[in-house]
Amino acid sequence: MSKNLLIVESPAKAKTIEKYLGKDFKVKSSFGHIRDLDKGDKGINIEKDFEPKYVVSPDKRKVVKELKDAAKKVSEVWLATDEDREGEAISWHLCKVLGLDESQTKRIVFREITKPAIQKAVENPRLIDLNLVSAQQARRILDRLVGFELSETLWRKIKGKLSAGRVQSVAVKLIVEKEREIQKFEATPYFKVTALFQVDNGKGKMVELKAELKNRLETEGEARDFLEKCKGAIFNIKDISTKPLRRNPAPPFTTSTLQQEASRKLYFSVSRTMQVAQRLYEQGLITYMRTDSTSLSEMAIATIAKEIKSEYGDKYSKPRRFKSKSSNAQEAHEAIRPTYADRRSAGADRDQQRLYDLIWKRTVASQMSSAELEKTTVDIGISTIPGTTLEATGEVMKFDGFLKLYIESTDDDEQEEAKGILPPLKVGQELNLETLQAVQKFTRPPARYTEASLVKKLEELGIGRPSTYAPTITKIMEKDRGYVTKESREGVERAYQILTLKEDSISTESKTEITGSTSNRLYASDLGMLVTDFLDEHFGDIMNYKFTADIEEKLDEIASGEDDWRKMVGDFYGPFHEAIEETRENASRARGTRVLGEDPDSGHSVLVQMTRYGPAAQIGTKEEVGEEGKPRFANLRPGQSMETITFNEVMDLFKLPKEVGEYKGWTLEVNNGRYGPYVKYDGKFASLPKGMDPLEVTLEQAIEVVEQKEKEIAPIGSYKGEPITKGKGRFGPFLKYKDLYVNVPKKFDFDNITEAECHELIAAKIEKEANRYIKIWEDEKIAIENGRWGPFFRVKRKAVKIPKKDDKKMTAEELKELSLEDVKKLINEVDPTVLNSKKKKAKK
DNA sequence: CAGTGAGCGAGCTTCCGCTTGACTT
């Protein structure tokens, strides 16, 4: 039996550390936080000076029980949670829950999981830093107060289920502001002048030399003037200058930079990056993936240097130590690096291999020499326009250094053209002009955020933490909130002019390009804009980008013992809560109403506003239509926005539903539904194929759509005298037989499925349904159900796993014998929230 | 799935940050 128990946060870390510490130590993990504020009444007693009420999180009950048992069996418990605010708090909560004495229990910290680092830590234990714990409590309580009170205000003033908070609301605001910047932006045209010369490459062969006019020309007239003046001009080289250029490698990855690079180079979403990195971490291939630090352990620096020297030679090695850029970095871990630098490739699947490769290259490159380049600039004079020069540039690589391995990409999608070597040139040399072109360009609007560039911005503002970047982005895109959508949109065509001077004559050409197309960019929805405006108006302080930074400053004061956490929370809460009360009493419901004009038929106003079901257009207000009348409503279509929709676009929405004619005695009516345009006939619905404009549908087209649908839904046979029909639902293709829906697996060719195959599927489903339930208590909505992986409880609609008895799974026979009371007890063991939510209701 | 949009009011929802399994459409 071990004498010591050491508790860390991550189970993967626990395994490694146990190896380093030997027999005397048992190492277990807390799986992160074990307790949190209670949900009811905010978990904070505001009257009692913000006294927090902590409860063990339901999903951590088992972990806590195991830790308690393990703690009993040893003579000493060591706390080795992460070296940051949250880690300190986890240690403190562990003390409370395990009944350890804060003034005795040994607390140790290490930033890197290496044997020397851990041994050194064990030799230098300290006590829990209660000031740091206070800072964490202040952070936690503040977030709860802000989050819950803001959200509850939104439920009253906009609609239920909405959420707001210190981090998410600012993330949405960033996207909203970007959206408005883009809406306001007007592209300004300009002309860019490029000359192509024919030059001897020194071996008697003619090659092209490209040169540009540095300043832009504003109008077509100016461009034409310029070309006109260049007619018959002599171009000669005025000056050649070279200067050395040095490029340094980027620091090793943090969570945020890994997410950005994986997004740009591998097209991973931020959550996919984190999932794949987690798998690599669990296999021991990389260090911890949620970190804000760019530093590497001394051991890693030494191994990487050795690796570089043997692979590429001594002159490629340059050990570097990077300092963190962001001010609120807590640096509890190392940078993200391969555990073993000599493992050139690793990973269980392609995603893992590609991400590992990226991490390996970035880490190793960060320890390599700078690249040495030489940049040459050539000024070319124009005889007819003294004082104006064209410029040609070229770059020569003198030493590749880290570029041998890794080139960091940028967000800017206007790619710099690769600059090559210039042909031999000398001052005074006369150049032979091939063409001189003035091409019309346009200034570009700011780019919408991608998931990764939003993370970058949040990090710059010090908002959010490595562990929350991905969940925050998922949250603001969730269905019930829908503040933001990730979309790829097609651009529009735009014409541009090219003026060309060739052999002393000028020609004009008009071409078109696609502009404004996007892929996987974040768009603010109408709801996102409405909520942001509401919060901005009433809670400007919290929506300020500096809010988190200010709070962090105060938390630092608490951590250093200069300030008291209750005072800090009180100072904030007073004015904040006043603003909440003020808003709840005085602010009117926010609908974002915009009046666009007047309906020529009725004279009623035409407006758009947010309804319970989303943004909608409306003709006539309640007052205008009077008691009997009803306003007319139409939903905005996907891609339309309340802010930018025009009067005419709104009026188009009211042209539907529209009858297009009769067919087989049915009236065919075209309309827009939630899932797109459709034809309604005989009480049935047929979706229009993509790209068909519902306003332009002809009778012939509608008939075709209806016929196609009829063919699809025609019974394809019968089973025991009852018809079988086909359908396509949310979960894929299915067969319908009486009340039974039978999913059709992919291996069947759904369009050409045979009657025999249908019978087989239906029979299997009936069989399965018969075996589905072991026992049901109808009134309580509790059942014991057979699933793919064995039996489980079903409480209302929720699945709850069956706990093991004496470490063994319970058999079907045992389960059959269980009474309702037994089952309830077992359910409570696993997840006490499922049944309790019902009790609470009864009380109220 | 193919409607609703107003208001009433019961009964829901919500934060940030630290961690992994679990997932039975």
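Within every chain, numbering begins at 1; the chains are lettered A, B, ... in the order of the sequence lines, protein sequences first and strands thereafter.
Heavy atoms of A164(A) sit under 4.0 angstrom from primed sugar atoms or phosphate atoms, though from no base atom. Across all strands, D82(A) comes closer than 4.0 Å only to sugar-phosphate atoms, never to a base (heavy-atom distances). Nucleic acid contact for E152(A): base, since at least one base atom lies under 4.0 Å from a heavy atom of the residue. Residue contacts shown for S163(A) are limited to sugar-phosphate atoms, with no base heavy atom under 4.0 Å away. Among the atoms of the strands shown, none is found under 4.0 Å from any heavy atom of V146(A). Looking at heavy-atom distances under 4.0 Å, Y469(A) makes no contact with the nucleic acid at all. Within the 4.0 angstrom heavy-atom criterion, only backbone atoms of the sugar-phosphate kind lie near R481(A); the bases stay farther away.
Relative ring orientation between F539(A) and F576(A) is described as tilted, the plane-to-plane angle lying within the 30° to 60° band.
Under the 6.0 Å distance and 45° angle rule, K13(A) counts as a cation-pi partner of Y288(A). Because its NZ or CZ atom is both nearer than 6.0 Å to the ring centre of F148(A) and within 45° of the ring axis, R144(A) counts as a cation-pi partner of that residue. Figure legend: cation-pi geometry between K173(A) and Y545(A), with NZ or CZ positioned under 6.0 Å from the six-membered ring centre and within 45° of its axis.
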Determine which bases of DNA chain B form Watson-Crick or G-U wobble pairs with both distances under 3.5 Å, and write the result as a 5' to 3' dot-bracket string with | for other-strand partners.
.........................

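Look at the P atom in both dG11(B) and dC15(B): the space between them is 23 Å, to the nearest Å. Taking atom C1' on both dG9(B) and dT13(B), the two are 16 Å apart, rounded to the nearest angstrom.
An OP1 or OP2 oxygen of dG17(B) is reached within less than 4.0 angstrom by no side-chain nitrogen or oxygen of R140(A). The phosphate of dC16(B) (OP1 or OP2) has no side-chain N or O of R139(A) nearer than 4.0 angstrom. At dC15(B), one or more side-chain N or O atoms of K475(A) fall inside 4.0 Å of OP1 or OP2 (strictly under the cut-off).
With respect to the salt-bridge test (charged N to carboxylate O, under 4.0 angstrom), the residues R139(A) and E86(A) qualify.
Ranking dC16(B), dG3(B), dC18(B) by closeness to the R465(A) side chain, first place goes to dC18(B). Nearest nucleotide to the F633(A) side chain, out of dC15(B), dC18(B), dG5(B): dG5(B).
A donor N or O paired with an acceptor N or O is not found under 3.5 Å between the base of dT20(B) and the side-chain atoms of D59(A).
Residues K62(A) and D36(A) each lie close to DNA chain B; by heavy-atom proximity, the contact nearer the 5' end of the strand is made by D36(A).
By the stacking rule of 5.5 Å between ring centres and under 30° between planes, F31(A) does not stack on the base of dT20(B).
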Go through the steps to decide whether R279(A) and E282(A) satisfy the test salt bridge (Lys or Arg N to Asp or Glu O under 4.0 Å), and finish with yes or no.
CA-CA 5 Å; R279(A) 296 284 99 81; E282(A) 281 162 10; 3.3 Å; yes

